[in-house]
Amino acid sequence: MALAAIVACFILLSFSAEASYGGFTVDLIQRDSLLSPWYDSSTTHFDRLHNAFRRSISRAQRFIKPSTNTIQSKIVPSGGEYLMNISIGTPPVEVLGIADTGSDLIWTQCKPCKQCFNQNPPLFDPKRSSTYRTVPCQSNSCSNLEEASCGIPTSLVGADRGDTCVYSYRYGDRSFTRGSLAQETFTIGSASGQPVSLLKIIFGCGHENGGTFDESGSGLIGLGGGPLSFISQLNGGKFSYCLVPTSAKSSIASKISFGTAAIVSGKGAVSTPLVSKQPDTFYYLTLEAISVGEKRQSYKTSQSTKAVAASEGNIIIDSGTTLTLLPPGFYDEVISALEVAINVERVSDPKGVLSLCFRSKSDHDIDVPVITMHFSGADVKLNALNTFARVEDDMVCFTMIQSEDVAIFGNLAQMNFLVGYDLEERTVSFKPADCTQ
């Protein structure tokens, strides 16, 4: 909708299969790079950067637990961050789905379509696929949906019949999708490698869809931790990514790996537990403290903030959020430590998004201290490229902001790390890496 110039925003995932070790690796193409279908040559690098910052703030709303039991009601499609280029059905039909680490259900627009948003790729026609099967409403997959009914959408004529699980998602910005839950063969491949076929993947065949979706996409692919997500349906439940720094050449793609190709280990690797909380879609970690140089600040929240308290699972790691969000009181202490450590003229962000900025004409005129994220069992040392961004020719700003509602470890802080998720072992691992290699 939830894995930078900034990796936040939409990223096209073009697949190249690797049969060895039962895993495969995928290109992560930055939304604002020359490789992206969204590349806009009329905007400057700084414009794209600030747009990504604003999207971080909008995206954070999807992680806030709603007052009802329907967590999907808070998911905002326009905040989505990636596109996955895959093929569905037999024979395979290419579709582009927005990949979201903050949601679970995979769905694409399908024929017959009573109401669909405009899309450039052709609509998927389930009647033309020999491997398409609807999912019965008594199935476990149907019971995993927040909103589901038994039957067939009244809008469909000559489509699925009988005992079909019918899903309905409503989003906070009035976007929506409704259709039939089904299973299908997903094919991932490239011109240079043999395609990988994933059998009986559960997905939504959307017959009524609308809202703030872009015409380049066909639907959504959930990469969250819930049972219906793409990750959970892969054997082993492992994925990892390596995000290329924003300063790298725009033609260099980041990588995401699945299955046994996603194992993160070896010298320098550290691991922290994934904390099981509701909703299980999100990836919760425990942040114990942040050190600015040698000055350690313990994690805390004030009574007035809505952000999760200083206990297990107090921060969400999200590859689709650009900035890192911290509770106000805790954030203020980190800012104070940085002001002491950096003796340079302080200025204001003209866009009003970032609160700590300094006058700087080169990357060498500010001595930025190492900032260490002390996760439970894992100290992750962040360099200047992880914590500061040049937002104007003569200005750099701290890429962490305060949030009353939710704490998020964003993707700028994850650049040049191999970050691995293991849903079986319930861990997230970090290993310093050169992601341009």
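- In this pair, Phe230 and Phe186 present their aromatic rings tilted. The plane angle is within the 30 to 60° band.
- Using the six-membered ring where Trp is involved, Tyr299 and Phe330 have ring planes that are tilted, between 30° and 60° apart.
- Atom CD of Gln115 is surrounded by more than 12 heavy atoms from other residues, nucleotides or ligands within 6.0 Å.
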Thr372 and Asp379: side chain to side chain donor-acceptor pair (under 3.5 Å), yes or no, with the steps? CA-CA 6 Å; Thr372 305; Asp379 289 350; over 6 Å; no

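- Scanning for side chain to side chain contact (heavy atoms under 4.5 Å, CB included) contacts around Ser376 gives Thr272, Pro273, Thr286, Glu288, with sequence neighbours left out.
- Using bins of under 30°, 30° to 60° and over 60° for the plane-to-plane angle, the ring pair Phe358/Phe388 lands in the tilted bin.
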Go through it in stages, so that I can follow the logic: the residues are Asp394 and Arg359, the test is salt bridge (Lys or Arg N to Asp or Glu O under 4.0 Å), and I'd like the CA-CA distance, side-chain angles, deciding distance and then a yes or no. CA-CA 6 Å; Asp394 60 349; Arg359 183 73 63 199; 3.0 Å; yes

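- A donor-acceptor contact closer than 3.5 angstrom links the side chains of Thr436 and Asp434.
- Checked by atom type, the side-chain pair Asp422/Thr427 shows no donor-acceptor distance below 3.5 Å.
- Looking only at distances, no side-chain donor or acceptor of Glu333 sits under 3.5 Å from a matching main-chain atom of Gly329.
- The closest donor-acceptor contact from the side chain of Ser336 to the backbone of Asp332 lies under 3.5 Å.
- Shown are Ser271, Ser240, Ser265; of these, the side-chain hydrogen bond (donor to acceptor under 3.5 Å, both in side chains) with Ser429 is made only by Ser271.
- In terms of heavy atoms, Leu325 sits closest to Val406 at CB-O, 3.7 Å.
- Taking the side chain as every heavy atom from C-beta outward, Thr187 and Val196 never approach each other to under 4.5 Å.
- When all heavy atoms are compared, the tightest approach of Ser360 to Ile366 is CB-CD1, 3.6 Å.
- Classified by interplanar angle (parallel below 30°, tilted 30° to 60°, perpendicular above 60°), the ring pair Phe375/Phe409 is perpendicular.
- Under 3.5 Å, the side chains of Ser355 and Tyr331 contain a donor-acceptor pair of N or O atoms.
- By the 30° and 60° cut-offs, the orientation of the rings of Tyr241 relative to Phe239 is tilted.
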